[in-house]
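Heads up, the thing below is written out as structure tokens.
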Amino acid sequence: MAIKDYNARVTEKKWQSIWSENAVFQTRNDDPRKKYYVLEMFPYPSGRIHMGHVRCYTIGDAIARFKRACGFNVLHPMGWDAFGIPAENAALQNKVHPKEWTYRNIASMREQLQSMGFSFDWSREFATCDVDYYHFQQAFFLDMYHKGLVLQKTSKVNWDPVDKTVLANEQVIDGRGWRSGAPIEQHERTQWFFRITDYSEELLEGLNRLDQWPEKVRTMQRNWIGKSQGLTIRWQLVVSYKTPKHFTEIEVYTTRPDTIFGAAFIAIAVDHPLARQLAGRDNALQTFIEECKQSDTSTVTFEKAGKKGFKTELNVLHPFDSSWELPVYVANFVLMEYGTGAVFGCPAHDQRDLDFANHYNLSARPVILPQGVSPPDLIVTDVAYPGEGILINSHFLDGLTSEAAFEEVACHLEKKMLDGKPQAARCIQFRLRDWGISRQRYWGCPIPVVYCDHCGVIPVPKADLPVILPDDVSFDQPGNALNRHEEWKAVQCPHCGKAASRETDTMDTFVDSSWYYLRFITQWKKEHTDFVTIENWLPVDQYIGGVEHAILHLLYSRFFTRALNATGYLRIEEPFKKLFTQGMVVHETYRTHHGWVAPSEICITEKDGHRFATLLSTGESVEIGSIEKMSKSKRNVVEPDDILAVYGADTARWFMLSDSPPERDIVWSASGVEGAHRFIHRIWRLVINVADTLRGITPRVAYNDAAGEISKAAHRTLKAVTDDLEKLAFNRAVARLYDFVNVVSPVLQSIDEDDETMKSALRQALDFLISMIAPMMPHLAEECHAALGGKELIANSSWPAFDKTLIIDDNVTMPVQINGKKRGHLIIARNADQITLEKAVLSLDCVVARLNGNSPKKIIVVSQRIVNIVI
RNA sequence: GCGGACGUGGCGAAAUCGGUAUACGCACAGCACUUAAAAUGCUGCGAUUCUUGGAUCAUGCGGGUUCAAGUCCCGCCGUCCGCACCA
């Protein structure tokens, strides 16, 4: 019999059209079944999908298809994170409008995703640059504004003096603009912020309930929020003719009040109001501050610059000893944004303070004795002791633990009054900063605000929304094109009606992605949006994406749902119930002395266990380098299109889910893909060879003989694969399916036409197999199902149920150990009692031989698992 | 520096509750089919060792707990990731 070959390209297109024509993946909100919302992080429409997308969406699609089969009403949508800088770069470089570029990319990427056979409900698709989308974002901004969740303040931006534009941090490379190469300047600029810090405590505390998130991500968020508990202490300035007006004290935040008697100096930030005041009359200080500001704030430059300070002429009094004066420095290592912008330096117990003190010849007096160290041994030279211990050299604190000393200092200073106020207060600080959302870019959501010379800052009335991004802009020069659009900028003040000007900043694209998961759920109309339906679908049951979004995107989304609670839209706090972060797709790198070479340009041969690569074009030898994340610069990228053309979508999907656990990096290899492809053909051959024989056969369980073994294998595999898919252990499911095919395949190849029992059992085994591969290789599953005479679509079929009685055998094989080493095994009835079992074990040859006629000291029997004899 | 994860054959990896270590795949080798190759099918495949069948050693290293440890505890070594002058 001639075997019909499996042509993935033709077959896959066919089933994709059938799914689409039958609207198989369109989800109804009024479906009464239990909901399941599975969402993968939506892509930026850069132009073409890459293997990272393929992996993420393959995982999500396998879950969606599995849950659909399990009877859930599954929502599995797709959209586009469409605003952002690359569109503007393209506009500058290729003279194409960002809008046109973006929608064109969306169209081609949509086509690519569709050819992967992903079961998205395309009827819910949208892009964040759609006016209908950002319209609501502007409305949320206004609601948050009126709720006090939006504020305006000045903050630093990276200014490119040549391109005369503001750059994002990623556009600053080694302190220079990515385009112009000019040294970047730090400019102060008024910008819009969301008050995410209002929710610091809640966002931190909420992490405890996100027990279905990876611990890693929760830890990263905890560190990012960075809660610390300490004391703000007011240090009185020594009054002299040098003391500036209005300054009588310096407020300092510390988490270590126990080290207060080890204080050696006070350091304030260069932006501290007192530093500015002093700089006004001190040119040397002014110069120092300028210098500090020039070096950008990145860690690298900090490390190079070292800790620098400027000694002012001011002194402060120690809070517990009014005869003790400490010098005040302006220092580059103190951050104005954290705490009070001022610290007290305790050199003996803080490495940074010690470095500074050594540089400026300040003494380091130890006040904390580590456990097991006696006072004479404690000399601090260049390594500080930052831990806790017992207090010494600290007057009334001597002998206390660090913890007790903290309390003691707090209690004393809370009672001690200075100018009618307590000298210290307990204080909780967070590392988390307010979220700056202003971007000086064209291609983003306009911030709906108007500036009026008479009325000031006026939010656009909701009735005037949306503030539409104008299309007629020019990209002949860098910078924000909105700024140059005089006609668009000119607007009547909504308040007084006089001429006013629009805000030309647009929103950070992280705002766009902070609420997109709501937008898929229902139709959003101008007047009304159905938040009840939205709430019914929330939270997202399974969210999937790269770990690179572990902090910002996920934190902002968590904030946004809380903001929507505060503005009365929702009563759900956490948007994502379960989170999965998949690993990267990595590939070997290849290089010649001319540079990196792409995998498609080389040929690999193997000799004596070593692999050699040569250049296809010239035969030149190529060095096989390390395995790295696929990137254009290393040229180790494999294009999904190429894989699709040669092997088809199912091969790519199967490969992605095989071998490596989904959270780990997967190494893309040609031989691995070949292996995946072989398996597809193997299944197809098995099915098509018996299709005529098994078509029309009723699938049935067999309870004995050879057919019984097939049934048992089928039902056991089904149970195991179901469990694996539930846990997203795709690699284990794949291994079990290989195993199962290895069991079924020889039987299928020598099928007895007259053995009706066997035929029924095999038919069921194949039906199970098809159902089990369907979430991962949906096209092959449909084709096999149809070949066996199936009328329904597998995509619409239910997940099969296994028969519990077949999972458990009557007999059980128990390994027999002697002194913990396996020496044999025993096959015995599962329900055998202890006495029968011991008797059987002691009569085994391997046991008798080793006992030498003696009786064992002990026999340990773990029911249905193992026997261990101690002699 | 702080925080987290991980370490098992030539490679990707299994071992779900402390109970048969190396399932499954890749690579490799042999055989069958073929004029030949590809494809396919079958077999072998941790190391050492002797005598078929065993024995001994193996889950980064060193200890410990236990009848039993890849898994638990203590101490090292190494790799990767995140954060980082955060007071």
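Here is the naming used below: chain letters follow the sequence lines, and residue numbers restart at 1 for every chain.
Side chain of A:N731 to main chain of A:S658: no donor-acceptor pair is present (N/O by atom type, distance under 3.5 Å, no hydrogens or angles). Counting only distance, with no hydrogens or angles, the side chain of A:R830 and the backbone of A:D809 share a donor-acceptor pair below 3.5 Å.
Rounded to whole Å, atom C1' of B:rC67 lies 14 Å from atom CD of A:E838. Rounded to whole Å, atom C1' of B:rC26 lies 13 Å from atom CD of A:E588. The CH2-P distance, from A:W224 to B:rC86, rounds to 15 Å in whole Å. In this structure, A:F430 places its CZ atom 13 Å from P of B:rA87, rounding to the nearest Å. Note: OH (A:Y329) to C1' (B:rA87) measures 18 Å, nearest angstrom. B:rU20 atom C1' lies 17 Å from atom CG of A:N819, rounded to whole Å. In this structure, the CD1 atom of A:I860 is 9 Å from the C1' atom of B:rU66, given to the nearest Å. Between A:L204 atom CG and B:rC86 atom P there is a gap of 19 Å when expressed in whole angstrom units.
Heavy atoms of A:P386 sit nowhere under 4.0 angstrom from any nucleic acid atom. Base contact: A:V862 has a heavy atom under 4.0 Å from a base atom. Looking at heavy-atom distances under 4.0 Å, A:R433 makes no contact with the nucleic acid at all. Among the atoms of the strands shown, only primed sugar atoms or phosphate atoms (P, OP1, OP2) are found under 4.0 Å from some heavy atom of A:K821. Backbone-only contact: A:N731 has heavy atoms under 4.0 Å from sugar-phosphate atoms and none from a base. No contact: A:S658 has no heavy atom under 4.0 Å from any strand. Using a 4.0 Å heavy-atom cutoff across all strands shown, A:V334 reaches at least one base atom of the nucleic acid.
The gap from the P atom of B:rC80 to that of B:rA39 amounts to 37 Å, rounded to the nearest Å. Going from the C1' atom of B:rA55 to that of B:rA5 covers 39 Å, rounded to whole Å. Nucleotides B:rG53 and B:rG7 are separated by 35 Å at their C1' atoms, to the nearest Å. When the P atom is compared between B:rU66 and B:rG1, the two are found 36 Å apart, to the nearest whole Å. Distance noted for atom C1' between B:rG54 and B:rC67: 24 Å (whole Å). Rounded to the nearest Å, the gap between the C1' atom of B:rC6 and that of B:rC61 is 16 Å. Using P as the reference atom, B:rC73 and B:rA23 are 28 Å apart when rounded to the nearest Å. Atom name P, nucleotides B:rA69 and B:rG63: the rounded distance is 15 Å, in whole Å.
For an aromatic pair to be called close, the ring centres must be under 6.0 Å apart, and A:W435 with A:F510 fails this. Proximity of the aromatic rings of A:Y329 and A:Y360 is defined here by a centroid distance below 6.0 angstrom, and this criterion is met.
Applying the Watson-Crick and G-U wobble criteria (two distances, each under 3.5 Å), B:rU71 pairs with nothing in any strand. B:rU56 is paired with B:rA47 under the criterion used here, namely a Watson-Crick or G-U wobble arrangement in which both key atom distances are under 3.5 Å. Across all strands shown, B:rU79 forms a Watson-Crick or G-U wobble pair with B:rA5, both key distances being under 3.5 Å. With a 3.5 Å ceiling on both atom-pair distances, B:rA15 lacks any Watson-Crick or G-U wobble partner. Pair assignment for B:rA32: B:rU40, on the basis of Watson-Crick or G-U wobble contacts that are both within less than 3.5 Å.
Residue-to-nucleotide contacts include a donor-acceptor pair under 3.5 Å from the side chain of A:R736 to the base of B:rU16. In this model, a side-chain donor or acceptor of A:R352 finds a partner on the base of B:rA87 within 3.5 Å. Side-chain to base pairing of A:K858 with B:rC67: no donor and acceptor N or O lie closer than 3.5 Å to each other.
For A:Q817, whose side chain is taken as the heavy atoms from C-beta onward, the closest listed nucleotide among B:rU20, B:rC85, B:rA23 is B:rU20. The side chain of A:D659 has B:rG25 as its nearest neighbour among B:rC83, B:rG25, B:rA13. Side-chain proximity of A:R682 to B:rG41, B:rA23, B:rA14: nearest is B:rG41. In the set B:rC26, B:rC57, B:rA14, B:rA14 carries the atom at the smallest distance from any side-chain atom of A:R732. Closest to the side chain of A:D739, out of B:rC24, B:rG12, B:rA55, is B:rC24. Taking every side-chain heavy atom of A:N223 into account, B:rG3 is the closest of B:rC67, B:rA14, B:rG3. Listed candidates were B:rU20, B:rA87, B:rC26. Nearest to the side chain of A:P815 is B:rU20. Checking B:rA14, B:rC85, B:rG19 against the side-chain heavy atoms of A:F333 singles out B:rC85 as nearest. Distance from the side chain of A:K727 is smallest to B:rU16 among B:rC83, B:rA23, B:rU16.
Residue A:R678 places at least one side-chain N or O under 4.0 Å from the OP1 or OP2 atom of B:rA27. Note on A:R685: every side-chain N or O is 4.0 Å or more away from OP1 and OP2 of B:rA39. Put simply, A:Y253 has no side-chain N or O that comes within less than 4.0 Å of OP1 or OP2 on B:rA87. Distances shown here put every side-chain N or O of A:R865 at or beyond 4.0 Å from the OP1 or OP2 atom of B:rC17. Put simply, A:R431 has a side-chain N or O that comes within less than 4.0 Å of OP1 or OP2 on B:rA84.
More than 12 non-hydrogen atoms from other residues, nucleotides or ligands lie less than 6.0 angstrom from CG of A:N811. Few gaps surround NE2 on A:H318; more than 12 heavy atoms of other groups in view lie less than 6.0 Å from it.
Residues A:D353 and A:K822 each lie close to RNA chain B; by heavy-atom proximity, the contact nearer the 5' end of the strand is made by A:K822. Each of A:N742 and A:N868 was assigned the nucleotide of RNA chain B with the nearest heavy atom; the assignment lying further toward the 5' end belongs to A:N742.
Against the 90° criterion about 0, the sugar-base torsion of B:rC17 places it in the syn range. With its glycosidic angle within 90° of 0, B:rG9 is assigned syn.
Ionic pairing of A:E249 and A:R234 is present here: one or more N-O contacts between side-chain nitrogen and carboxylate oxygen are shorter than 4.0 angstrom. Look at A:R222 and A:E215 and you find a salt bridge, because one of the NZ, NE, NH1 or NH2 atoms lies within 4.0 Å of a carboxylate O, short of that distance.
Taking the six-membered ring where the residue is Trp, A:F356 and A:F265 present tilted rings, their angle falling between 30° and 60°. Between A:F344 and A:W235, the angle of the ring planes lies from 30° to 60°, which puts this pair in the tilted group.
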